[in-house]
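To start, the structure itself, in structure tokens.
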Amino acid sequence: MPRAKEELAELVAFRSVADPEQYPRSECEGAAAWVAGALRAEGFQDVAALETPDGTQSVFGFLPGPPGARTVLLYAHYDVQPPLDEAAWRTPPFELTDGPDGRWYGRGSADCKGGFVMHLLALRALRENGGLPVSIKMIVEGSEEQGTGGLEQYARARPELLAADTIVIGDGGNFRCGLPTVTASLRGMTLVRVQVDTLEGNLHSGLFGGVAPDALAALMRTLDSLRDAEGNTVIDGLETGGRWEGMAYPEEDFRHDAKVLDGVGLIGDGAVADRLWARPAVTVLGIDCPPVVGATPSVHASARALVSLRIPPGTDTGQTIGLLVEHLRSHVPWNARVTTEVVGQGQPFSADTSSPAYAAMAAALRTAYEGLEMQTAGIGGSIPLCSALGELYPDAEILLIGLNEPDARIHAVNESVDPRELERMAVAEALFLRTYAQQV
């Protein structure tokens with residue numbers, strides 16, 4: 001664990017946001033080189049930084065096991081979300097820092113640089129306790145957070161590279177810290193830029209306001225049409241009444257996990273698990289418009305937004321994108337001009353939790369968590385690669401585990417990882433690989 005902390009600190013220090021408009025590409029290249037070096041130090045062969053079609057690098061390595069052993073693919077990603085407001089962090093976002101609660105704080109500490117370190121710990125534990133019982137392929141992605149699909153496209157072009165008997169995705173997490181959990185489903189996603197144009201240029205609001213069509217107002221009304229009065233996502237032609245059949249998510253627990261302010265209501269209706277894991281959810285991620293400070297009295301000629309749509313299992317992403325785009329076009333007021341651009345997408349995923357690999361994982365988690373039984377839950381987020389791997393390798397079992405429990409605050413300020421979770425999940429993964437290797 002002390003070595004793991006040092007390694008995680010080195011990896012967190014890279015500002016590896018896979019968007020050159022925010023951080024230099026060299027930060028991601030540095031992180032990729034660090035991951036490649038770590039794999040070589042562990043004895044991995046054929047280590048390479050793969051140039052994927054979206055311009056990022058995914059790091060691959062192969063660690064051979066005994067002759068005739070099964071092959072397990074371990075996945076993580078080294079790219080991270082931007083830190084948002086760095087001033088809002090209690091500690092520097094790209095410096096792994098001990099918190100008074102015993103957690104380690106830093107962007108990527110849980111999502112998903114910590115997931116890569118978890119894999120390394122598991123392999124070291126096996127080496128020190130009888131040796132590696134399976135062959136390992138490791139793939140560490142460089143653009144998962146951007147949703148641009150570089151590794152997915154690369155894998156489809158070279159399907160033999162990631163072929164394995166079982167795939168362990170280290171980008172999930174426990175339903176709650178200390179409660180061993182595997183992820184049974186993921187929502188798919190799409191990112192769509194929508195732009196509204198109404199005028200050749202901005203106009204004086206006193207001379208033209210009240211008659212000239214305001215593009216920013218038109219965009220706001222269009223975006224508002226994506227939700228009903230209760231906050232449910234409503235897109236013309238899209239099914240929105242899905243039900244979750246697994247474990248419940250009590251509303252009071254969700255309010256605590258999401259840090260909802262006192263007196264503020266939740267959006268949508270139905271059970272929290274239904275809304276979070278089995279139904280579509282639209283979010284406006286950003287709007288291009290003048291800031292309040294420095295704004296001029298103008299009617300705006302153009303405005304644009306980035307819209308995210310999470311897509312539940314059982315729904316096709318391509319068809320859903322078509323419905324979203326048509327909804328945006330048909331709900332814009334005043335016959336304003338609308339253009340859309342799809343900038344990211346991924347299919348939803350649903351796992352077969354009755355498979356032998358899940359039985360092996362249940363036994364491993366029971367041991368690592370001192371008798372607690374494995375739970376199955378959904379994740380409202382997306383890992384587009386999962387569906388691609390399921391299509392490419394239909395006979396492979398895919399398991400999702402990781403460090404992203406609610407207190408980790410992934411994608412938000414003050415992201416952190418609980419080192420006890422890192423240790424227990426690494427032990428569980430090692431036990432799983434040993435048990436899985438012994439299954440007939």
Side-chain angles (χ1 to χ4, degrees), residues 81 84-85 88 111 147 173 175-176 183 185-194 216-287 289 303 305-315 317 320-321 323-328 330-333 344-346 348 377-382 404-415:
Q81 286 286 335
L84 303 175
D85 182 5
D111 183 24
F175 181 73
R176 191 156 312 289
T183 299
S185 71
L186 298 165
R187 288 190 292 196
M189 57 80 69
T190 185
L191 294 173
V192 176
R193 288 196 187 106
V194 55
L216 181 54
L219 176 63
M220 292 166 63
R221 293 186 68 170
T222 304
L223 297 176
D224 185 58
S225 73
L226 295 169
R227 292 188 182 277
D228 65 16
E230 288 73 37
N232 296 293
T233 295
V234 285
I235 295 172
D236 295 343
L238 181 62
E239 171 59 41
T240 59
R243 301 285 184 182
W244 174 256
E245 300 299 332
M247 67 184 298
Y249 198 160
E251 182 172 322
E252 58 271 23
D253 290 350
F254 179 86
R255 293 184 67 90
H256 174 268
D257 294 341
K259 304 296 187 289
V260 180
L261 299 178
D262 289 344
V264 176
L266 304 183
I267 63 174
D269 52 36
V272 169
D274 293 342
R275 285 175 273 173
L276 193 60
W277 300 330
R279 295 179 184 175
V282 70
T283 306
V284 179
L285 302 183
I287 300 179
C289 59
L306 181 63
V307 177
S308 164
L309 179 62
R310 302 290 180 169
I311 302 163
T315 307
T317 294
T320 302
I321 291 173
L323 294 174
L324 173 60
V325 168
E326 182 56 33
H327 181 103
L328 292 169
S330 62
H331 283 264
V332 69
Q345 60 179 289
I379 288 183
S382 308
N404 300 343
E405 39 80 24
D407 290 339
R409 303 283 291 164
I410 65 171
H411 293 205
V413 299
N414 300 316
E415 178 182 346

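Computed from a prediction, not measured in an experiment: that's the story for all the values here.
Checked by atom type and distance alone, the side chain of T283 never pairs as donor or acceptor with a backbone atom of V307 at under 3.5 Å. Panel note: side chain R187, backbone L276; a donor-acceptor pair is recorded below 3.5 Å. Using a distance-only test at 3.5 Å, with no hydrogens or angles considered, a donor-acceptor pair links the side chain of R275 to the main chain of G268.
Contact detail for G173 and I379: the closest heavy-atom pair is N-CD1, 4.5 Å. Of all heavy-atom pairs between I287 and A305, the closest is CG1-CB, 4.0 Å. Nearest approach of A218 to T222, heavy atoms of both residues: O-OG1, 2.8 Å. The heavy-atom pair separating W277 from A377 by the smallest distance is CH2-CB, 4.0 Å. Closest heavy-atom contact between I321 and Q345: CD1-OE1, 3.6 Å.
Side-chain contact between V272 and D253 is absent, with no heavy atoms from C-beta onward closer than 4.5 Å. Looking at P348 and T317, their side chains come closer than 4.5 Å, going by heavy atoms from C-beta outward. Annotation: side chain of L238 is in contact with side chain of T315 (closest heavy-atom distance under 4.5 Å). Between L223 and L219 the shortest side-chain heavy-atom distance falls below 4.5 Å. Looking at I235 and H327, their side chains come closer than 4.5 Å, going by heavy atoms from C-beta outward. When side chains are defined from C-beta on, S308 counts as touching L191, because their heavy atoms get closer than 4.5 Å. Side chains of R279 and T240 form no contact here, defined as non-hydrogen atoms less than 4.5 Å apart. Looking at L309 and T320, their side chains come closer than 4.5 Å, going by heavy atoms from C-beta outward.
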Atom pairs and distances, side-chain donor-acceptor, residues 241-248, under 3.5 Å, sequence neighbours left out:
{"unit_1": "R243", "atom_1": "NH1", "unit_2": "D274", "atom_2": "OD2", "d": "3.3"}
{"unit_1": "W244", "atom_1": "NE1", "unit_2": "M247", "atom_2": "O", "d": "3.0"}

Exercise. Could you go step by step and tell me if E326 and D236 meet the side-chain contact (heavy atoms from CB on, under 4.5 Å) rule?
Worked result: CA-CA 8 Å; E326 182 56 33; D236 295 343; over 6 Å; no
For this session: For side-chain contact (heavy atoms from CB on, under 4.5 Å), just list the numbers for Q81 and E415, CA-CA rounded to whole Å, side-chain angles, deciding distance to a tenth of an Å, and then say yes or no.
Result: CA-CA 10 Å; Q81 286 286 335; E415 178 182 346; over 6 Å; no
For this session: Please test L306 against R193 for side-chain contact (heavy atoms from CB on, under 4.5 Å), starting from the C-alpha separation and ending with a verdict.
Result: CA-CA 5 Å; L306 181 63; R193 288 196 187 106; 3.7 Å; yes
For this session: Begin with the C-alpha distance, continue with both residues' side-chain angles, and end with the deciding distance and a verdict on side-chain contact (heavy atoms from CB on, under 4.5 Å) for L84 and H411.
Result: CA-CA 9 Å; L84 303 175; H411 293 205; over 6 Å; no
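Shown are N232, L328, V234; of these, the side chain to side chain contact (heavy atoms under 4.5 Å, CB included) with L226 is made only by L328.
The CD atom of E230 sits 13.5 Å away from the CG atom of L266 when rounded to the nearest 0.5 Å. Remark: E239 CD to L323 CG distance equals 11.5 Å, nearest 0.5 Å. Atom CG in D407 sits 7.0 Å away from atom CG in D257 (nearest 0.5 Å).
Around atom CZ of R176, more than 12 heavy atoms belonging to other residues, nucleotides or ligands sit under 6.0 Å away.
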